[in-house]
Amino acid sequence: SVRRAMKKKERKTNDLPQSNIVSGKYDHYHESEGREMCKRHELYVSFRDLEWLDWVIAPQGYAAYYCHGECSFPLDSCMNATNHAILQSLVHLMKPEAAPKACCAPTKLSAISVLYYDNSNNVILKKYRNMVVKSCGCH
Amino acid sequence: GSFLKNHLHSSFIHRKLSGREKKEIQREILSIMGLPGRPRPHSEGKLPSSAPLFMLDLYHAMASEDEDDVSQGVSHPVPSSLSTQIPPLGTVISEADTVMSFVNMVEQDQDIFHQKPYWKEFKFDLTQLPKGETVTAAEFRIYKMKSFGRSTNKTLHISVYEINKSHHKRESNLFLLDVQNIAAKEEGWLAFDITAASNRWLLNPKYNLGLRLYIELDGGQSVDPGLAGLVGRRGPRPKQPFLVTFFRANQPPIRAPR
């Protein structure tokens, strides 16, 4: 019953001209309402679990995160949706075979630094870019 | 929906990996790190030596910078009395893609048992360098304890040279890299700028014949580096000399698509 009420409410707020909505496809969006919207999830990469602490000095692991969730039209609950993602979602609604749904992917990534020994016992400190998800969004 | 979500979560977090899967994941991460295989350093089981300690300090500075907590501030493991002798490396460190420390391979002395002038030589193996990166700075770091003997109240002029060519029976050809003037009673790390030499060694590793260090008093008298308090290869491990080189990537690394 809650779902039905929400359906009504959402239909009211989505002022799309009826001609743009392919019959049945819009209902598909509502079916996926119970699913999670695109967002960042916890994911820890552990160098300890990989049994690498004999050569990796620091860190023991790092919070990498990942993006997961639905990018269904309308994307208003997904703050980082690009204009292209919004248009792609519309096209997907009308012609699902022409374009897939927009993808939930990282919008901002940051670097990590890893300190490790090489075979000659020299110590290397290296910066690896784009390793940590800072934010997710629909692309 | 919730079943799918829970299943996804359990597969991401709780699933025990098979041996083969673990190896594949390890190989994949090593490829991202640009390593052909897992390094196998010899475990020495002793006190940590100076280079890893210095690098750990740099790591903490760089890691906090990655977190955007600290902008440019980098702490050097240098006592305040000698900190003014160290060139400011804040930008070099924050812009470095790779920092490598090298263990001193060979140390030769011409000390008080030899004829003057006294000197100390060091050599570092710079052949294992990151590909596609250029040196932005290189430092030779050596620890100085309080001087012994009659020179304790004097100023020491410490010069570091690149050995350009060594000859069998006559003096080697030397190229001056850096000079520092330190009070003999001072104690702490000294850092000499050897960027020029490391760039030459990178271009042509066969010209890497090492570094030579001389110490003189105001009047030009030669001082034995040991008596001046400089710690060498046989000194305490956290105070042994080492080389640190800062690299910057020419372009972002390109990984082959699979």
Side-chain angles (χ1 to χ4, degrees), chain A residues 3 30-70 72 104 108-132 134, chain B residues 1-2 4-5 8-9 12-13 17 22 25-26 29-30 32-35 37-44 48-49 51-56 58-68 93 95-103 105 124-128 130 242-244 246-247 249 252-253:
Chain A
R3 199 176 268 190
H30 289 286
E31 275 168 27
S32 67
E33 237 174 27
R35 291 186 193 169
E36 196 179 10
M37 288 305 290
C38 172
K39 68 171 188 184
R40 195 174 76 149
H41 294 257
E42 291 286 335
L43 173 69
Y44 187 78
V45 176
S46 169
F47 294 135
R48 178 184 285 277
D49 288 353
L50 291 167
E51 292 163 12
W52 278 355
L53 291 191
D54 59 329
W55 65 276
V56 176
I57 303 169
Q60 296 199 345
Y62 72 100
Y65 301 102
Y66 69 93
C67 300
H68 181 74
E70 289 283 325
S72 302
C104 177
K108 199 180 164 198
L109 292 151
S110 68
I112 58 160
S113 296
V114 182
L115 185 67
Y116 61 92
Y117 283 108
D118 69 3
N119 291 326
S120 315
N121 274 38
N122 295 322
V123 182
I124 300 165
L125 173 60
K126 205 167 170 94
K127 191 185 273 180
Y128 295 97
R129 296 180 199 283
N130 305 333
M131 297 292 278
V132 177
K134 286 288 186 192
Chain B
S2 68
L4 200 79
K5 188 180 155 193
L8 255 173
H9 271 266
F12 269 118
I13 296 164
L17 296 170
K22 196 170 179 175
I25 286 175
Q26 286 177 336
I29 298 175
L30 285 170
I32 290 168
M33 293 176 84
L35 297 169
R38 173 196 195 290
R40 307 233 172 238
H42 354 282
S43 57
E44 290 170 335
S49 64
L53 290 172
F54 172 81
M55 295 293 278
L56 199 57
L58 272 188
Y59 165 79
H60 288 305
M62 278 175 80
S64 56
E65 200 175 64
D66 291 341
E67 287 293 316
D68 299 328
I93 292 167
E95 286 179 356
D97 291 298
T98 307
V99 186
M100 266 184 98
S101 72
F102 298 91
V103 180
M105 311 287 288
F124 303 92
D125 178 11
L126 265 75
T127 49
Q128 306 287 320
F242 63 94
L243 189 74
V244 57
F246 300 86
F247 298 90

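Source: prediction; values computed, not measured.
Between atom CG of residue A:Asn121 and atom CH2 of residue A:Trp55 there is a gap of 13.5 Å, rounded to the nearest 0.5 Å. Separating the OH atom in A:Tyr66 from the CZ atom in A:Arg40 is a distance of 12.0 Å, to the nearest 0.5 Å.
B:Thr98 and A:Lys126 form a side-chain donor-acceptor contact under 3.5 Å, judged by distance and modelled atom types alone.
Heavy-atom distances place no part of A:Tyr44 under 4.5 Å from chain B, backbone and side chain included. Neither the backbone nor the side chain of B:Leu126 comes within less than 4.5 Å of any heavy atom of chain A. Contacts between A:Ile124 and chain B at a heavy-atom distance below 4.5 Å involve backbone atoms as well as side-chain atoms. Looking at B:Leu243, neither its backbone nor its side chain comes within 4.5 Å of chain A, counting heavy atoms on both sides.
A 4.5 Å side-chain heavy-atom check between B:Tyr59 and A:Pro59 finds at least one atom pair inside the cut-off.
Among the candidates A:Val123, A:Asp118, A:Val45, the residue making the largest number of heavy-atom pairs closer than 4.5 Å to chain B is A:Val123. Highest contact tally toward chain B, considering only A:Tyr116, A:Trp52, A:Tyr117, is held by A:Trp52 [criterion: heavy-atom pairs under 4.5 Å]. Between chain A and the residues B:Lys22, B:Arg40, B:Met100, B:Arg38, the most heavy-atom pairs under 4.5 angstrom are made by B:Arg38.
Closest approach of B:Val244 and B:Met55 over heavy atoms only: CG2-SD, 4.3 Å.
Between the A:Tyr128 side chain and the B:Met33 main chain, a donor and an acceptor come within less than 3.5 Å of each other.
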